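Since the structure comes first, as structure tokens, the remarks are kept for the end.
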Amino acid sequence: MDVFDELKQRLSMFFSQSSTPMYAGSDLLLEPIFLTGFSASSHLVLLLVLSISWACKRLKMSSSHDDSKQGLKNTRFFYYKPTLFCCFGLSLLNLLLCVLNYFYWYRSGWTDEKLVTQLDLVVRTLAWIAISAYLHFQFSHLSESKFPVLLRIWWGFFFFMSSCCLVVDLVLHVKHQFLPIQFWVSDAVSILVGLFLCYVGLFGKKGEDTLLQEPLLIGSTNRSNCVESNKSNGGENVTPFSSANLLSILTFSWMGPLIAVGNKKTLDLEDVPQLSGDDSVYGAFPVFRNKLDSDRNEVSTLKLVKALLFSAWREILWTALFCLLYTCASYVGPYLIDTFVQYLNGRREFKNEGFILVSTFFVAKLVECLSQRHWFFRLQQVGIRARASLVTMIYDKGLILSSQSRQGHTSGEIINFMSVDAERIGEFGWYMHDLWMVPMQVALALLILYKNLGLASIAALAATIIVMLANVPLGILQEKFQEKLMDSKDRRMKATSEILRNMRILKLQGWEMKFLSKIIELRKNEAGWLRKYFYTSAMTTFVFWGAPTFVSVVTFGSCMLMGIPLESGKILSALATFRILQEPIYNLPDTISMIAQAKVSLDRIASFLRLDDLQSDVIEKLPMGTSEVAIEIIEGNFSWDLSSPNRTLKDLNFRVCHGMRVAVCGTVGSGKSSLLSCILGEVPKVSGALKLSGTKAYVAQSPWIQSGKIEENILFGKEMDRERYERVLEACSLKKDLEILSFGDQTVIGERGINLSGGQKQRIQIARALYQDADIYLFDDPFSAVDAHTGTHLFKECLLGLLGLKTVIYVTHQVEFLPSADLILVMKDGRITQAGKYDDILSTGIDFLELVTAHKEALSVLDSIEEGPASEKLSHVKENGDVGSAKEVVQQEEKRDAQNDKPNDVVGPKEQLIQEEEREKGRVGFPIYWKYITTAYRGLLVPFILLAQILFQILQIGSNYWMAWATPVSKDARPAVEGSTLIFVYVALALGSSVCVFVRAMLLVTAGYKTATLLFNKMHLCIFRAPMSFFDSTPSGRILNRVSTDQSAVDMNIPFQVGTFAFSIIQLLGIIVVMSQVAWQVFIVFIPVIATCVWYQQYYIPSARELSRLVGVCKAPVIQHFAESISGSTTIRSFDQESRFRDMNMKLIDGYSRPKFHSAGAMEWLCFRLDMLSSITFAFSLIFLISMPVGVIDPGIAGLAITYGLNLNMLQAWVIWNLCNLENKIISVERILQYTSLPIEPPLVMEENKPRGEWPSHGEVDIHDLQVRYAPHMPLVLRGLTCTFPGGMKTGIVGRTGSGKSTLIQTLFRLVEPAAGQILIDGINISTIGLHDLRSRLSIIPQDPTMFEGTIRSNLDPLEEYTDVQIWEALDRCQLGEEVRKKEGRLDSAVTENGENWSMGQRQLVCLGRVLLKKSKVLVLDEATASVDTATDNLIQQTLKQHFSDCTVVTIAHRITSVLDSDMVVLLDHGLVMEYDSPKKLLENKSTSFAKLVAEYTIRSTSSF
């Protein structure tokens, strides 16, 4: 104060000496009218100069416009945006002052001084708007390196003029001429802006803008998109957030460029910048892992929580600070309301009290707005990091899980940990600080209540505690229901993912509707818990909407009993406090349920992370080159299940030296595949030693192919070496196949190689192994899935050729591949019963002899066909000992192939089978909302829900209005009604509003539950009835995303989101009505502010919507890659590729986090601007109220308007926020509705065309001119095929891989509809009858043997049509009876996911059992015995001969012996019938392709390679 007094004295001394003539004009200079006139003139001159300059520039620029624009595309001014903001802000301030002065002076009359001031403000407004427009439209296209000279001169002059004005204000203040407050505000703001503009004028330069510069990335599938646009890990286009200045961070302006891009075009992932180091999973995960690993003990929930907290402690502390600021600022309003009401009533404590009150209100609102926005944004940032770290952790764990742990958790469950649990923990950030914030908010509220109502605040505390306690049992119930809901969802997702994997077999067997009913049953269980959860949450909603009313009734009732006088100001302050108190009380159930959900999720993740990993000490690695031993097992005992007394592999002793070829053979289930798994380190070791030297490559029995390009599958992370690559393609005879495919090796393979034949998948797998150039190769029966011709080629070119010098261990059922092995291991019951060279062990033991004898029996069929030309040819070969002639046969064959290879006819442009995931673009149409609202009960409940909310709002406002009107403003005023009447009416209105809330909550959850159920059923019916082509071209990750994430949103979020949006609009309208009752003039500001809010919302929503859709689209690849990696974890580990897959996973996670992060930023960008606008509206209404003369407005009602106005910015932002959130969430409904309109297969049953009960009685299959393609944009696979399979006879189909054998079978079962031609069975065109009628009368043993999780009984007879006696009979016939009787549960023995606890051959036998039960007239064997040894194959053939002697049997076979005893043979090539006759006749003619195939097979089988 001393400094200020001294300044006053100096100024007065200075001006008291100004009586000389020199200072005679000083009085004029000190007149405000002179200064305002001078200011108005200056601004007017500026306006004219700007207009002239603008016109001249327009003329000049018209010629060079294009060039300059081009040259300046990527430059921008430093401080350009703040400058524009300041100029525009100054014009708005002048406009506001102009309007205020008008109202203020309107009643007190106009003087010259006032008129000049108004003129000055009008001209200033126009001038600064002109400057803003000049900067925005004109200057941004100029190629100058600094701001224009004219503007820089003006900014200097303006600063000088503003300083003069402030000095004059001070002088007049010293002379006790008091100026209105708006003069001070105007001059102070002008000086600050002038100072900033001078600084910008001197130092502002142009610089490069890299925000929107980036390469355009093109990817073929979503996954490659998500990865490719993520390639540069935090590359050149990093989010502007990482380098933004303080002002940009505070106002979220760093989001501006992205939102601007989104407003001009549909955003794609390439437009979204990379995350900075800390937010990227590359930065966040190592920190999290270090924190978790520092605690050496096993992972517990507590340790997981500690690691999550410590890995983001800085951000969490920041959010705590923001949260604290927000809480304190939000209570300033309620604290000051009483003072404000007394001020309006005429009680003034000091001068300018009104303006100071308004300023305090306004500043508190600004602090509240800024702290809330940054609190929310930082929490989401923490959530994104936590989610990314957890998903990475779960993925890494999934790659190293032991097989026993894997059996306890299906891939569906593990995917749920990632897609649901990690997501939920990421969202928990929102509720993190509620635990300490709620007590603090309650304490602050009680302090304010104590100030206003004294001891009655204790009653308020008691009421608050009662309300909170009422919530505890509800919270406990919610936690319980949530847990049950998650468990039932897990079970449903597990079943769904298994069904999607095996949809082909379900459709072939006609079982899909049975399995759909299984899913619906699981959903019913889930829906039961969902309903309970819904109604519990409806109760919590009721309790907490009624909470403020209950607390206020108790508090005011206590005041009446204690005799505490109620004044309107105090009551309004209390009501405003209750309203803020409503937030912590209202959020408490959410917080409790969220803590419960997060705890459940953390427990689930922690228990998963605690599961056993693969034993790391199974293999003892020897350095390469130190010993000649490649693999050695000494006294090895291994067991998949360590708790079981029965060991999988017993007493293993063998040694393999570098460069040896080792064959492993044995009957089905003897432990061959387990032996290879043991060498890979997959089987837990009980005792013994396993030594291994060198790198390994593995080819699994059932091919594991990644979705992506064929080339990527073969390279498998290695660099491209073109020469080696071509050699590998040649060796795996893939060149021919690649020529047939439209895109060659760039063809995108569907999930699990869905658009490739079995043989092609197997050969790609072999190519992948060969390209790795490892030291040790392990092959698990890779030759079974390919035909004889290709099998021979693979064995010779790969095992004997490219891998001639490598160590190779191969499991095989084909005896002919055994003689060329250096060591043969014969296995039985997990033991090596014989080991040695072919000739040595043939004479020493019985097991090997059995296998060879079975093989010879199969070959004897050849001799029985006829001792004729074919055998002459064989003897000729034998005499010469010339294996070369087989080569000639092959060469002739390939020449013919080349001549026949006509170009395929393709309709229209070529397209990949796997298309990019469809995503709607642009606004979510109103029809989506309408469909959603009217799904349940045709929307009948909606009007009742809205009516209940409107009544609630009216009754609530009515009760508050009643209290404000009926209580006196001050102690000395007389109350309008009796105390008892006051409370009675208030209680009646409060009860009415509570009933309305209860009705609304109940109706809302009823409608939400019904809608979720209907949409679920409709979507699942459409998915199950979709044609097979849909599953071929849609990765299951996409479908799983719909049925888990999107369905979850429809179950849990969207009903409340739609409701909240409608309710918030009704509340906003209520506030507007209350405020306009007091001061309709508020609309002068309110209408433009609302218009600006709507404009902002419209500007923001295109970007937000697309970002939200990108979040949805980028999530599917994460899930899909996750699912693929888990199913192929053995292959990934065997190639030592874990680190590459982890990196790919992290890239995909970042691809998902990027749109999520920027979506959060965009949301806060909008909310910040809306908050600012509504704070201005609130401030304006307060200024309007204090400028009214005393007595014009009832202070109590004015106070009520402020009580509601305090909520205005929150509500206004809440409406827009809800709208945007709803737009983002409703996308889930849009995505589900997409799947309710999928194309569906023809009807399952056609009543008018139902075949007779005994059809087909004869089983004759006629095929006429059959043409088939898999999709309209793909080439024909069958090109006019005509032939007949005679009834009751056996027809064999042979041909090279890819010749159309499997396609013909799919067409027979109508998995693919013919493009032209027809198939008749017993004279009935199969296209005219229902699909179930067709498929249930045919039987098939498919190429990939499939078993479902469940029991042996449910696998053989899912439709429950047969008795146990019949099932046992079938099991005995298919040689599995003994095996099943050994098991504890017998027919109820467990089958794990994919039947993984049964060997491949056993699974094939189960498929045979299904067929024996069904006893159809037409039986199709699609390479049915590919996975079994020759002896078992012979048994199967005998069984089929015995039980299907009078049936039509169609066999596709790779083993020629399987078709030699057929009545007819069809040889296919490139979709056409090349040869069709009895095997005998075809063998008579040496030149037939069939004769050549048989000759080649015989040579292969009777000679060693």
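Computed over heavy atoms, backbone and side chain alike; hydrogens, waters and symmetry mates excluded. Source: prediction; values computed, not measured.
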Drop me the distance from [X]'s [atom1] to [Y]'s [atom2], to the nearest 0.5 angstrom.
X: M720; Y: L715; atom1: CE; atom2: CG; answer: 4.5 Å
X: F654; Y: I809; atom1: CZ; atom2: CD1; answer: 5.5 Å
X: L802; Y: K796; atom1: CG; atom2: NZ; answer: 14.0 Å
X: C732; Y: R768; atom1: SG; atom2: CZ; answer: 11.5 Å
X: L1376; Y: L1408; atom1: CG; atom2: CG; answer: 8.5 Å
X: F779; Y: I766; atom1: CZ; atom2: CD1; answer: 6.0 Å

Who pairs with [X] by side chain to side chain contact (heavy atoms under 4.5 Å, CB included), at least two apart in sequence or on another chain?
X: E723; result: D721, R727
X: A769; result: A697, V699, Y777, F1135
X: D1372; result: R1381
X: L611; result: K397, L401, S405, H409, F608

Taking atom types as modelled, find out whether [X] and [Y] have a side-chain donor-acceptor pair closer than 3.5 angstrom.
X: R763; Y: Q760; result: no
X: D612; Y: S402; result: no
X: D641; Y: S639; result: no

Looking only at heavy atoms, which two atoms of [X] and [Y] are closest? And how far apart?
X: R661; Y: L799; value: NH1-O, 3.9 Å
X: Q765; Y: S702; value: OE1-O, 4.3 Å
X: I1352; Y: V1391; value: N-CG2, 3.9 Å
X: D775; Y: T695; value: OD2-N, 2.8 Å

Going by the ring-ring contact (aromatic ring centres under 6.0 Å, His included) test, which pairs reach into residues 625-653, not counting sequence neighbours?
none
Backbone N/O of [Y] and side chain of [X]: donor-acceptor pair under 3.5 Å:
X: Q834; Y: I841; result: yes
X: S674; Y: G671; result: no
X: K691; Y: I619; result: no
X: K650; Y: R647; result: yes
X: K806; Y: A774; result: yes
X: W704; Y: E1124; result: yes
X: Y698; Y: D780; result: no
X: T807; Y: G659; result: yes
X: D822; Y: M660; result: no

Salt-bridge present ([X], [Y]; N to O < 4.0 Å):
X: K672; Y: D781; answer: no
X: R722; Y: E726; answer: yes
X: R724; Y: D773; answer: yes

Could I get the full list of salt bridge (Lys or Arg N to Asp or Glu O under 4.0 Å) partners for [X], not counting sequence neighbours?
X: K828; answer: D847
X: R831; answer: D651
X: R1403; answer: none
X: E711; answer: none

Under the rule for ring-ring contact (aromatic ring centres under 6.0 Å, His included), what residues qualify as partners of F1490, not counting sequence neighbours?
none
Under the ring-ring contact (aromatic ring centres under 6.0 Å, His included) rule, collect the residues that match up with F1141, sequence neighbours excluded.
F716, H1121
Do [X] and [Y] make a side-chain contact, defined as non-hydrogen atoms from C-beta onward lying under 4.5 Å apart?
X: S677; Y: T1130; answer: no
X: E797; Y: E730; answer: no
X: I1452; Y: L1421; answer: no
X: E682; Y: Q615; answer: no
X: L1371; Y: L1405; answer: no

Pairs where residues 628-638 contributes a residue and the test salt bridge (charged side-chain N to carboxylate O under 4.0 Å, His left out) is met, not counting sequence neighbours:
E632-R655
